[in-house]
Amino acid sequence: MTTHYLAPALLVEMEATFSAQLRARATTGETCSRGMSLYRKIVRENIGGVLQNVFPLFCQRANSADIQALADAFLYQHQASQPEFHQVATELLLFIRQQRQLSPHDLALIEYEWLMYAVEIDDSHVPRPLKMSLPLALTADMDVVRNPTLKMVALPFRLHEGEPCYEDEGRLNYYALYRKHNNALYQKKLSQIDVRLLSVIDHQVISAERLLNMASLFLADFSLRSWLETNNNDELLSLKFKG
């Protein structure tokens with residue numbers, strides 16, 4: 001038999017009052033204690049810190065007053081309940097997506113920055129690459145595994161040393177965002193062929209021979225063995241001997 005305990009009505013009322021004062025856009029000295037005022041300030045500074053650390057490129061395009069207003073609006077309007085840093089970052093992304101005044105470029109920028117952050121905190125193990133050449137005779141004995149931290153993104157701007165460049169309007173630029181075995185973050189520009197092949201591999205293990213056979217249907221003049229070697233050495237994927 002399970003016993004359910006209900007929170008006392010007074011406690012529920014106190015929690016609601018606390019939440020309302022914390023989230024309110026502004027409070028007066030009569031309705032907000034000194035302790036609550038300090039706590040409100042700390043919470044807003046923490047949210048501003050998440051914005052500055054996870055979305056620095058986006059924040060560079062705004063002034064400090066805009067960042068403060070965004071943090072305040074997030075608390076006032078968005079019903080996030082998870083306080084951990086990475087969860088606040090995700091909730092901020094969801095909230096910023098709802099802001100109608102954002103341009104498509106700004107929206108793409110914050111999504112790119114969030115993906116970089118997601119790759120950084122991903123706890124997947126990235127194996128040290130086995131540097132190799134891939135003779136034809138070995139393809140039947142090799143498996144191909146995609147880097148477990150790999151994210152692919154299409155951006156309406158190109159990246160130059162991690163900074164957005166907007167001169168190529170109207171075209172999508174594809175990038176791989178991933179972490180190497182030494183935990184360093186990398187981004188690599190992708191061709192449409194890269195995207196297609198990496199999508200085929202996805203998160204499964206696939207034999208090199210099977211991938212060669214699949215790719216031959218649409219890449220008659222493309223050297224897949226060279227592509228596998230290059231991307232194995234760049235750690236977008238891993239080549240492993242079977243067994």
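Keep in mind the model is a prediction, meaning the values are calculated, not measured.
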(request) Quickly, which of Leu150, Leu185, Val153 forms a side-chain contact (heavy atoms from CB on, under 4.5 Å) with Leu177? Name it, please. (result) Val153

(message) The criterion is side-chain hydrogen bond (donor to acceptor under 3.5 Å, both in side chains); which residues satisfy it with Asp122, sequence neighbours excluded?
(response) Ser124

(request) Mind checking side-chain hydrogen bond (donor to acceptor under 3.5 Å, both in side chains) for Asp123 and listing every partner two or more places apart, or none if nothing turns up? (result) none

(message) Once side-chain hydrogen bond (donor to acceptor under 3.5 Å, both in side chains) is applied, do any residues pair with Ser191, and if so which ones, sequence neighbours excluded?
(response) Asp194

(request) Mind jotting down which residue pairs meet the salt bridge (charged side-chain N to carboxylate O under 4.0 Å, His left out) criterion with at least one end in residues 103-121? Sequence neighbours excluded, please. (result) Arg61-Asp106, Arg97-Glu111

(request) Using a 4.5 Å cut-off on heavy atoms from C-beta on, say whether the side chain of Leu239 contacts that of Val144. (result) yes

(request) Applying side chain to side chain contact (heavy atoms under 4.5 Å, CB included), name anything that partners Ser199, two or more places apart in sequence or on another chain. (result) Met152, Val195

(request) Measure across Thr149 and Arg179 and return the closest heavy-atom pair with its distance rounded to 0.1 Å. (result) OG1-N, 2.9 Å

(request) For Pro164, enumerate each residue passing the side chain to side chain contact (heavy atoms under 4.5 Å, CB included) test, keeping only those at least two apart in sequence or located in another chain. (result) Leu57, Leu109, Phe157, Tyr166

(message) Between Lys151 and Tyr175, is there a side-chain heavy-atom distance shorter than 4.5 Å?
(response) no

(request) Please list, chain by chain and in numerical order, all residues satisfying salt bridge (Lys or Arg N to Asp or Glu O under 4.0 Å) with Lys180, sequence neighbours excluded. (result) none

(request) Locate the shortest heavy-atom distance separating Leu236 from Ala176; write the atom from each residue and the value. (result) CD2-CB, 3.9 Å

(message) Which residues pass the side chain to side chain contact (heavy atoms under 4.5 Å, CB included) test with Gln192, not counting sequence neighbours?
(response) Tyr174

(message) If I compare all heavy atoms of Ala62 with all of Ile67, which pair ends up nearest, and what's the gap?
(response) CB-CD1, 4.0 Å

(message) Among residues at least two apart in sequence or on other chains, which ones pass side chain to side chain contact (heavy atoms under 4.5 Å, CB included) with His125?
(response) Pro127

(message) Within the structure provided, determine whether Asn53 and Tyr117 are in side-chain contact (heavy-atom separation under 4.5 Å).
(response) no

(message) Given 3.5 Å as the limit, does a donor-acceptor pair link the side chain of Asn231 with the main chain of Trp227, or not?
(response) yes

(request) Decide yes or no for Val54 and Leu93: does some side-chain heavy atom of the first lie under 4.5 Å from some side-chain heavy atom of the second? (result) no

(request) Flag the pair Ile110 / Leu107 as yes when at least one side-chain heavy-atom distance between them is below 4.5 Å, and no otherwise. (result) yes

(message) Between Met214 and Ile206, does the side chain to side chain contact (heavy atoms under 4.5 Å, CB included) criterion hold? Intermediate values first, please.
(response) CA-CA 11 Å; Met214 293 175 66; Ile206 187 171; 3.9 Å; yes

(message) Using every non-hydrogen atom in the two residues, find where Ala215 and Leu197 come nearest and quote the distance to one decimal.
(response) CB-CD2, 4.0 Å

(request) Could you pull out all residues at least two apart from Tyr112 that satisfy side-chain hydrogen bond (donor to acceptor under 3.5 Å, both in side chains)? (result) Gln187

(request) Check Lys188 against Tyr178 and note the closest heavy-atom contact, atom names and distance. (result) CB-CE2, 4.3 Å

(request) Specify the closest pair of heavy atoms between Ile47 and Ala71, including all atoms of both residues, with the distance to one decimal. (result) CG2-CB, 3.7 Å

(message) According to salt bridge (Lys or Arg N to Asp or Glu O under 4.0 Å), who are the partners of Asp66, at least two apart in sequence or on a separate chain?
(response) none

(request) State plainly whether one hydrophobic cluster holds both Met116 and Val126, where clusters connect Ile, Leu, Val, Met, Phe, Trp and Tyr through side-chain heavy atoms under 4.5 angstrom apart. (result) no

